[in-house]
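Here is the structure we will look at, set down as structure tokens.
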Amino acid sequence: MSGKFEAFLIALSARFGVDPELIWPPSVSSAPLYVSVYVGALCIIIFGFAFQSHPEEAQKQKKIDKEYKISSLQNLLDAEKELKEKAEDGKNDDKAADAQKLHDLLYDDVAGEPVTCLGISPDHPAFTETVALLKTRINEELKEATEKTKIARGLIKTEEKDVDEEENEDYMDGNKLSDFLELCGKVTKNFVKVDASMVDKAALKEAKALLKQIRAARSELTKQIFRIFIPILPTYITGVLINVVVGTAYGFVWNYRAQINAYAAGEGLDIDVAYSMLTAYFVMSNLIEPISNVTS
């Protein structure tokens, strides 16, 4: 600390009638001052960022977001109309927007509300038509997922030529159906104020019952596996332990590979046979015999 700075602190303390030790050096006595300065600076920063108001900029950005969202909805509806026209002419090779895409387009994850929170009127044609399309698509895909799961599990008989083996594998375990039911739950929850009957209750009940049946069958299969495995568990553990011991013994015997090679050559033995014999001898003499002596 320079003498000029100390002189400045002393003069400042004398000016306000404060003990210099309450300012410098850092100590228990000066701690309240530094804590106060720190807290004050922190409060200024927090209030500066949290309460700064730019209503004009916020309104301008909200207007941009609103126009962009309306444009996106209208573009999707135009694309759907074009796909429908191509399908009527038998020239449609493109895939229509699925329920997940429609949900993501209509719902603002940041605000946790439908895109009407951006200022779009609930009666705006682009919004209402896209919601109606989502309702149609979610129910179509729910019935499709349920039917494909039943086919994959053999609950519905179909011609072999009509069966897609790869698709069957995707639907066999019920995970596809489970994921789609989660999407149905999101649609129901997020658009309950827009349309309380977005998902067909009967189709939803059927899908949930099927998934429950699949999970019950999976649980029973797991129990059967345990029933088969538990009786052989002691044998399996013993086998693993023996394998570990033999592996250790083989490593020990490997240290004497030069002598073993000479012994095998002298006795006319295959080298693998010689290693196996000495490994067995090592296990017998160092593990089996001591245990036999203890138990006898």
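We count residues from 1, following the sequence as given.
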Within-4.5 Å side-chain heavy-atom neighbours: L133 and L76 | yes

Separation between CD of Q74 and CG of L77, rounded to the nearest 0.5 Å = 5.5 Å

Return yes if some donor-acceptor pair links the side-chain N/O of Q100 with the main-chain N/O of L183 below 3.5 Å, else return no.
-> no

Quick one: does N139's side chain have a donor or acceptor within less than 3.5 Å of a partner on M198's backbone?
-> yes

State plainly whether one hydrophobic cluster holds both L204 and L102, where clusters connect Ile, Leu, Val, Met, Phe, Trp and Tyr through side-chain heavy atoms under 4.5 angstrom apart.
-> yes

Do the charged groups of E141 and R137 touch, with an N to O distance under 4.0 Å?
-> no

Is a donor on one side and an acceptor on the other found under 3.5 Å between the side chain of S219 and the backbone of R215?
-> no

When every non-hydrogen atom of R153 is compared with those of M172, the smallest separation belongs to NH1-O, 2.6 Å

Would you indicate whether the side-chain heavy atoms of K223 and E220 approach each other to under 4.5 Å?
-> yes

Indicate yes or no: does E182 engage K186 in a salt bridge with an N to O separation below 4.0 Å.
-> no

Hey, what do you get for NZ (K176) to CD (E169), rounding to the nearest 0.5 Å?
-> 12.0 Å

Output yes when a side-chain donor or acceptor of T149 lies under 3.5 Å from a complementary backbone atom of A145, and no otherwise.
-> yes

Give the minimum heavy-atom separation between G174 and R218, together with the two atoms involved.
-> N-NH2, 4.5 Å

Can D200 and L142 be said to form a side chain to side chain contact (heavy atoms under 4.5 Å, CB included), step by step?
-> CA-CA 9 Å; D200 182 71; L142 175 59; 5.7 Å; no

Any chance you could measure L118, atom CG, to E113, atom CD, to the nearest 0.5 Å?
-> 9.5 Å

Should I70 and F127 be marked as a side chain to side chain contact (heavy atoms under 4.5 Å, CB included) after you check the CA-CA gap, both sets of side-chain angles, and the distance that decides it?
-> CA-CA 8 Å; I70 292 174; F127 179 75; over 6 Å; no

hydrophobic_cluster_shared for L233 and I228, side chain cutoff 4.5 Å = no

Expected output: side-chain K69 to main-chain L105 donor-acceptor under 3.5 Å = yes

Please determine if K150 and E147 form a salt bridge, counting it only when a charged side-chain N lies under 4.0 Å from a carboxylate O.
-> no

Quick one: are K135 and S197 in side-chain contact, heavy atoms under 4.5 Å?
-> yes

Out of curiosity, does L106 fall in the hydrophobic cluster containing V192 (side-chain heavy atoms, cut-off under 4.5 Å, transitive links)?
-> no

For I120 and K66, what are the C-alpha separation, side-chain angles and deciding distance, and is it a side chain to side chain contact (heavy atoms under 4.5 Å, CB included)?
-> CA-CA 6 Å; I120 301 173; K66 172 186 174 181; 3.8 Å; yes

Would you check if Q213 and L155 make a side-chain contact, meaning some heavy-atom pair closer than 4.5 Å?
-> yes

Do you know the tightest heavy-atom contact between N175 and D173?
-> ND2-OD2, 2.8 Å

Are the side chains of T188 and F191 in touch, meaning some heavy atoms are under 4.5 Å apart?
-> no

In terms of heavy-atom contacts, A99 and I138 come closest through CB-CD1, 3.7 Å

If Ile, Leu, Val, Met, Phe, Trp and Tyr residues are connected whenever their side-chain heavy atoms lie under 4.5 Å apart, and connections chain through other members, are Y171 and I214 in the same group?
-> no

Atom of L177, atom of A207 and distance for their closest heavy-atom approach | CD2-O, 3.7 Å

Rounded to the nearest 0.5 Å, how far apart are CG of L73 and CG of D78?
-> 11.0 Å

Do E80 and K84 come close enough that some side-chain heavy atom pair is under 4.5 Å?
-> no

Shortest non-hydrogen pair, K62 vs G119, comes out as CE-N, 4.1 Å

Side-chain (Y107) to main-chain (V115) donor-acceptor, under 3.5 angstrom = no

Applying side chain to side chain contact (heavy atoms under 4.5 Å, CB included), run through T116 and V194 and close with a yes or a no.
-> CA-CA 10 Å; T116 48; V194 179; 5.9 Å; no

Indicate if V240 and F229 have the same hydrophobic cluster label, given that clusters are the connected sets of ILVMFWY residues with side-chain heavy-atom separations under 4.5 angstrom.
-> yes

